[in-house]
Amino acid sequence: MKALDELTFDNRFARLGDAFSTHVLPEPLDAPRLVVASTAAMALLDLDPAVAETPVFAELFGGHKLWAEAEPRAMVYSGHQFGGYTPQLGDGRGLLLGEVYNEAGEHWDLHLKGAGMTPYSRMGDGRAVLRSSIREFLASEALHALGIPSSRALCVIGSDTPVWREKQERGAMVLRMAHSHIRFGHFEYFYYTKKPEQQAELAEHVLNLHYPECREQPEPYLAMFREIVERNAELIAKWQAYGFCHGVMNTDNMSILGITFDFGPFAFLDDFDAHFICNHSDHEGRYSFSNQVPIGQWNLSALAQALTPFISVDALKEALGLYLPLYQANYLDLMRRRLGLTTAEDDDQKLVERLLKLMQNSGVDYTLFFRRLGDESAALAVTRLRDDFVDLAGFDAWAEQYKARVARDGDYSEEQRRARMHAVNPLYILRNYLAQNAIVAAESGDYSEVRRLHEVLSKPFEEQAGMEQYAQRPPDWGKHLEISCSS
Ligand code: AMP
Ligand code: MG
């Protein structure tokens, strides 16, 4: 276990130099204080959990203090936003404080979001509000607990610093961790500004640090791109299987590592709705729930375009062709598991599609349906779940097919079925209204709810005593919350 001053830095991205990032110091928050910390994320840095409660913790992650070995940098990138190219973006309010490596030799970027203005702030104030910082913290850690690759969050630091959005709010910082903060947009920036040498330097950096096994391949860059395609197909399959809607899949928000990244107006589905749009500025539904699948491919094509100086167009196209079949295979595999099936049959895709259509038409809670389906034998479970559906004849027909499918699947005890299904079907997800309750309390200075919610979501598959209220459908007020895009 380490104390805060024992972290070991190795700032590999900073060493790439000024073409890639700019040295900027964090702008301190007034009266910084700990809102919430993740002991699981602290463990990744070998940090003693007790240090979160010390004043120096809030000072370090509230922009007041810095390790001597930290080299805070604002990274430059660009990207396609809602389909149109924006030539210059960058860390407008976040800083890569440095890269730390733990005792296992893993490097973690420490990235402080809400750290003040940088050369890339454009019209922004460089700040993040408490509301959005809490949402990012909870979502990163909740996704990780669900087994969905994501950036991590170490802590949220609150403050008295006034920040203007639609109304006056308070500034906060979230300390984000990832093995890299390099986005698709980094490659696009050097491609569209016609800086091939720097682009090659960036590609070498990513290859050496994050895809070293691709070095062994005849065409290392192509192998790396293929790997990025595969990781994204797997990631988006998980989002779709668990009902996660990212909301702003611009290429500057896509990680080169294939992890969930840059949280804005995201949401987990309550009722199943394939057309759900969680971002209220997304009038055309470009980033609707079901569109995440083709958008994943669109974004990979944008990255492919940026890689044309290194890889032939034909090879890039072939690699892009891996995306959809791989997505489908991963998605179907997850959905089979969510249905408690251990074998594969040709008609399983149809079984899933029919169920989702029925859920869509009846507004059935996506998370609770699967959880309850595993509570008891298939026959008993479908009888109990029947009342949630409007189209009873349709559901009965599906239930018959499902029971027959389960009977063909194998001979297992009810206990085995329950254990297997509960291990993949969470009871607790980050519903918008739960986050909202925690935010309202935190805005009035009470951080107990955000801490409790974080705890509950860190074990999403385990039924926790006294936590029934976190496993409920939203109350009426919480069903269609408008999550502000300003953050
Ligand atoms: P986002 O929509 O959060 O992914 O951000 C898009 C771009 O706007 C990125 O370059 C951000 O760094 C920048 N940005 C967002 N909010 C702010 C802010 N409050 N101040 C400065 N830059 C910001
Ligand atoms: Mg972003």
Side-chain angles (χ1 to χ4, degrees), residues 20-22 24-27 29 63 72-97 109 111-137 139-140 150-151 153 159 161-176 178 180-190 192-193 245-257 259-267 277-283 286-287 292 295 299 302-303 483-487:
F20 298 85
S21 63
T22 308
V24 182
L25 286 173
E27 220 176 292
L29 291 171
R73 311 286 297 191
M75 304 165 102
V76 62
Y77 52 83
S78 62
H80 280 83
Q81 298 185 305
F82 289 90
Y85 185 65
T86 306
Q88 174 150 354
L89 294 161
D91 287 333
R93 55 168 165 175
L95 292 176
L96 178 60
L97 294 181
D109 281 4
H111 191 276
L112 194 58
K113 192 162 171 180
M117 303 242 273
T118 78
Y120 314 110
S121 297
R122 301 187 294 167
M123 310 297 280
D125 58 5
R127 289 304 190 192
V129 293
L130 182 62
R131 158 175 65 76
S132 66
S133 306
I134 288 177
R135 280 172 51 84
E136 171 144 4
F137 174 90
S140 328
S150 174
S151 58
S159 79
T161 304
V163 174
W164 283 94
R165 293 296 180 255
E166 283 90 4
K167 57 182 172 52
Q168 187 182 303
E169 300 190 43
R170 297 288 173 197
M173 294 186 190
V174 59
L175 193 285
R176 180 164 68 190
S180 169
H181 275 66
I182 297 176
R183 307 146 189 262
F184 289 11
H186 276 86
F187 283 92
E188 292 180 281
Y189 175 76
F190 292 105
Y192 288 103
T193 53
C245 201
H246 181 285
V248 202
M249 285 174 73
N250 294 335
T251 57
D252 53 298
N253 292 338
M254 300 293 292
S255 153
I256 207 74
L257 302 181
I259 61 176
T260 314
F261 197 67
D262 258 18
F263 296 85
F266 70 85
I277 302 167
C278 61
N279 182 348
H280 288 268
S281 328
D282 183 8
H283 305 295
R286 179 181 172 86
Y287 300 139
Q292 297 191 123
I295 286 292
N299 288 341
L303 175 62
I483 300 302
S484 167
C485 294
S486 66
S487 58

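Whatever order the structure lists ligands and atoms in, that order sets their numbers, starting from 1. Along the sequence shown, the residues carry numbers beginning at 1. Atom set for the values below is all heavy atoms of this structure, side chains included, hydrogens, waters and symmetry mates excluded.
You'll find the side chain of Phe266 stays beyond 4.5 Å of the side chain of Ile483, heavy atoms only. No side-chain heavy atom of Thr161 sits less than 4.5 Å from a side-chain heavy atom of Arg170. Residues Val76 and Gln88 have side chains in contact (heavy-atom distance under 4.5 Å, counting atoms from C-beta outward). When side chains are defined from C-beta on, Leu303 counts as touching Phe187, because their heavy atoms get closer than 4.5 Å.
The aromatic rings of His181 and Phe261 lie perpendicular to each other, with more than 60° between the two planes, well past the 30° mark.
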Which protein N or O atoms sit under 3.5 Å from any N or O of ligand 1? Give each pair with its distance.
unit_1   : atom_1 : unit_2 : atom_2 : d
ligand 1 : 4 (O)  : Asn253 : OD1    : 3.1
ligand 1 : 4 (O)  : Asn253 : ND2    : 3.4
ligand 1 : 8 (O)  : Arg122 : NH2    : 3.2
ligand 1 : 10 (O) : Gly90  : N      : 3.4
ligand 1 : 10 (O) : Gly90  : O      : 2.7
ligand 1 : 12 (O) : Gly90  : O      : 2.9
ligand 1 : 12 (O) : Gly92  : N      : 2.8
ligand 1 : 16 (N) : Arg93  : NE     : 3.2
ligand 1 : 19 (N) : Asp125 : OD1    : 3.0
ligand 1 : 19 (N) : Arg127 : O      : 3.2
ligand 1 : 20 (N) : Asp125 : N      : 3.3
ligand 1 : 20 (N) : Gly126 : N      : 2.8

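A side chain to side chain donor-acceptor pair (under 3.5 Å) with Thr86 is found for one member of Gln81, His80, Glu188 and no other, namely Gln81.
With a 6.0 Å cutoff to the six-membered ring centre and a 45° limit on the axis angle, Arg176 does not count as a cation-pi contact of Phe263.
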Given salt bridge (charged side-chain N to carboxylate O under 4.0 Å, His left out), test Lys113 with Asp91 step by step and report yes or no.
CA-CA 9 Å; Lys113 192 162 171 180; Asp91 287 333; over 6 Å; no
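Around the Mg ion (ligand 2), protein N, O or S atoms at a distance under 2.8 Å total 2; waters are neither shown nor counted.
For the pair Asp252 (side chain) and Gly185 (backbone), a donor-acceptor distance under 3.5 Å is absent.
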